[in-house]
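All values below were derived from every heavy atom in this structure, side-chain atoms included, with hydrogens, water molecules and symmetry-related copies excluded. Quick note on labels: first sequence line is chain A, next is B, and so on, each numbered from 1.
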Protein chains: 2
Amino acid sequence: MSITDLKFEIDRNSKTPMWLQIRNELFNCLYLDELRPGQLIPNEKTLVELFNVSIGTIRKAIGVLEKEGILIRKQGLGTFVFQHDNNSFLFEYFHFALNGSEEKKAPNVELISFTTKKANKSESKALKIPEGSNVYHIYNKLGLNKKFYIVDKIVISHDKFPSLTEEMFRNRTNTIYNLYQNKFNIFITNCSEKIKAISSNERISNLLNLELNSPILKIDRIGHTYHNEIIELRTSYVHTSDIEYIQSQNSMFGE
Amino acid sequence: MSITDLKFEIDRNSKTPMWLQIRNELFNCLYLDELRPGQLIPNEKTLVELFNVSIGTIRKAIGVLEKEGILIRKQGLGTFVFQHDNNSFLFEYFHFALNGSEEKKAPNVELISFTTKKANKSESKALKIPEGSNVYHIYNKLGLNKKFYIVDKIVISHDKFPSLTEEMFRNRTNTIYNLYQNKFNIFITNCSEKIKAISSNERISNLLNLELNSPILKIDRIGHTYHNEIIELRTSYVHTSDIEYIQSQNSMFGE
DNA sequence: CAGTGGTCTAGACCACATT
DNA sequence: ATGTGGTCTAGACCACTGT
């Protein structure tokens, strides 16, 4: 089932603008079609005929979807469902750099463990899955310049990644979110983080070669899809003597 | 000198689109005019005549400036230079909430000290002012629910805030950034932050009623204007047993 | 009511990428 | 050469705001 096979009914007298109706129709199609990253959508002229509106209205609708990060327009080529390319994805959600450095470098990553467990109460609540259903627990060490500074614990639902194996994880050629995207069609688009300062326990101290009770960051991240479906819980423990968490913020957002 | 008195020359054959030229011209005018927040800009029809282009082109230029957070359009009223209203500004750059709470509450603030010093080497470098020129050092305690969790150290250049006094600071009716905006026409629009975990020293421990060497966050924030002029250095020391740093991030930004 | 920005039209021409 | 999105026009009409 392709978009071009569908028939669309736009209400020209609705209180919601036509461009917004069209945006929503397109969004729905892409969602039903599982939002395959990299997928080409019909060109503007085709959409004009499908929706029977003027090209400016189509452009406005696509423009909004582009601002939302769902579509990307490429002049001369067409409009595509957005996908993180192999370079950009690396740094989208990696917030660390060496002290005083403004530019992020790709971290080196080492898998510590990969296990399947029954979700405990807080995990099942956070992931919105039944208590006792299967989850993966994945631990990674991350470093810069050959030294390790970060321990990541990842918790994801088995049901959302049924065929995931340790080998797939270990042998991935790219970031973890890229793996989710390319192998499971699951697309993490926004994350919320909560940061605390805590004292390192024995396990973290050993993994990061730290004194016991060193001050470290504990970062709880929740990764969502477009539709705010919660996909991943990630907790990072970070030794920040040589590196720091960096972040930049503008005062304003679009409409 | 008002915008409408100026004469604009748009190069119709330039490689840069007309809407971008217009955006830049408008931006410049607003900048020269000191970007008075809340200021009304000429209506679209007037701009059409000033720039001698079609209204769609004007709208595109204004749309970009709106996306950048510089202008805000109000249907039926006009287009204005954006200003943080008294509510929104409160939470723009305040990143803390009580554990597990998703919504931020306004913190209570208490001035600890307000002094003038000579800028040391790192301050002068960071603020891009001569070493030894005057800076204000301002310390605040911030809390939630009547308990204090945060100590803020603010460093700003005396030259940028020549008439600032402790009384102005203490008697402000709004946020600090609002004070900068309303009394000094200085408009902080973006901030970069660097976060580390450290152990509390004696001074911070006393101020926050903490054990010595408790793990705390140290957050170095640099506040910039539109033009990336550095205005303020702020270092926050945060006790995070009851509160946490919260942040949300989308994968994508506009064009 | 008059004035503002918001939506929409039905094109034209340009810049870019692929074949 | 063909097809794509990007820019731009010159309007029309609607929805909202304050008087």
**Student:** For G78(A) and I55(B), take the nucleotide of DNA chain D holding the closest heavy atom to each; which residue's nucleotide lies nearer the 5' end?
**Tutor:** G78(A)
**Student:** Looking at residues at least two apart in the chain, or sitting in another chain, which of them share a salt bridge (charged side-chain N to carboxylate O under 4.0 Å, His left out) with K194(A)?
**Tutor:** E102(B), E244(B)
**Student:** Do Y136(B) and E166(B) have a side chain donor and acceptor closer than 3.5 Å?
**Tutor:** no
**Student:** State whether R12(B) places a side-chain N or O below 4.0 Å from either non-bridging phosphate oxygen (OP1 or OP2) of dT9(D).
**Tutor:** yes
**Student:** Specify the separation, in whole Å, of atom CG of L40(B) and atom C1' of dG5(C).
**Tutor:** 12 Å
**Student:** Take the protein atom CD of E66(A) and the nucleotide atom C1' of dG6(D), then report the distance between them rounded to whole Å.
**Tutor:** 11 Å
**Student:** Is the closest side-chain donor-acceptor distance between E193(A) and Y93(A) under 3.5 Å?
**Tutor:** no
**Student:** Return the nearest nucleotide to the side chain of T79(B); candidates are dC8(D), dG11(D), dG5(C).
**Tutor:** dG5(C)
**Student:** What nucleic acid atoms does I62(A) come within less than 4.0 Å of, heavy atoms only: base, sugar-phosphate, or nothing?
**Tutor:** nothing
**Student:** Rounded to whole Å, please give me the gap between CD1 in I72(A) and C1' in dG6(D).
**Tutor:** 15 Å
**Student:** Checking contacts here: which listed nucleotide (dC8(D), dC8(C), dG6(D)) is nearest the side-chain heavy atoms of P17(A)?
**Tutor:** dC8(C)
**Student:** Base, sugar-phosphate, or nothing for K74(B), non-hydrogen atoms under 4.0 angstrom?
**Tutor:** sugar-phosphate
**Student:** Just to confirm, is there a sub-4.0 Å distance from OP1 or OP2 of dT4(D) to any side-chain nitrogen or oxygen of R73(A)?
**Tutor:** no
**Student:** Going by the rule salt bridge (charged side-chain N to carboxylate O under 4.0 Å, His left out), which residues pair with E25(B) if we only count those two or more places apart in sequence or in a different chain?
**Tutor:** none
**Student:** Among dC8(C), dT7(D), dG6(C), which is the nearest nucleotide to the side chain of R59(B)?
**Tutor:** dG6(C)
**Student:** Nearest to the side chain of N43(A), which nucleotide is it out of dT4(D), dC8(D), dT9(C)?
**Tutor:** dT4(D)
**Student:** W19(B) side chain: which of dG11(D), dT7(D), dG5(C) is closest?
**Tutor:** dT7(D)
**Student:** How many Å lie between CD1 on I58(B) and P on dA10(D), as a whole number?
**Tutor:** 13 Å
**Student:** Choose from dT9(D), dT7(D), dC8(C) the nucleotide whose nearest atom is closest to any side-chain atom of K60(B).
**Tutor:** dT7(D)
**Student:** Where does the angle between the aromatic ring planes of F184(A) and F161(A) fall among parallel (under 30°), tilted (30 to 60°) and perpendicular (over 60°)?
**Tutor:** perpendicular
**Student:** For the pair made of CZ in F80(B) and P in dG5(C), what is the distance, rounded to whole Å?
**Tutor:** 8 Å
**Student:** Rounding to a whole Å, what distance do you find between N52(A):CG and dA10(C):P?
**Tutor:** 9 Å
**Student:** Write down the distance between CD (E44(A)) and C1' (dT7(D)), rounded to a whole number of angstrom.
**Tutor:** 11 Å
**Student:** A cation-pi test, strictly: NZ or CZ of K104(B) under 6.0 Å from the centre of the six-membered ring of F94(B) and no more than 45 degrees from its axis. Yes or no?
**Tutor:** no
**Student:** Any idea which of dT9(C), dT7(C), dT7(D) is nearest the S54(A) side chain?
**Tutor:** dT9(C)
**Student:** Protein-nucleotides 15-17 of chain C N/O pairs closer than 3.5 Å?
**Tutor:**
unit_1, atom_1, unit_2, atom_2, d
dA15(C), N3, Q75(A), OE1, 2.9
dC16(C), O4', Q75(A), OE1, 3.4

**Student:** For the pair made of CG in N13(A) and P in dT7(C), what is the distance, rounded to whole Å?
**Tutor:** 16 Å
**Student:** Run the salt-bridge test on E229(A) and K128(A) with the 4.0 Å N-O cut-off and return the result as yes or no.
**Tutor:** no
**Student:** Classify the angle between the aromatic ring planes of F82(A) and F187(A) as parallel (below 30°), tilted (30 to 60°) or perpendicular (above 60°).
**Tutor:** parallel
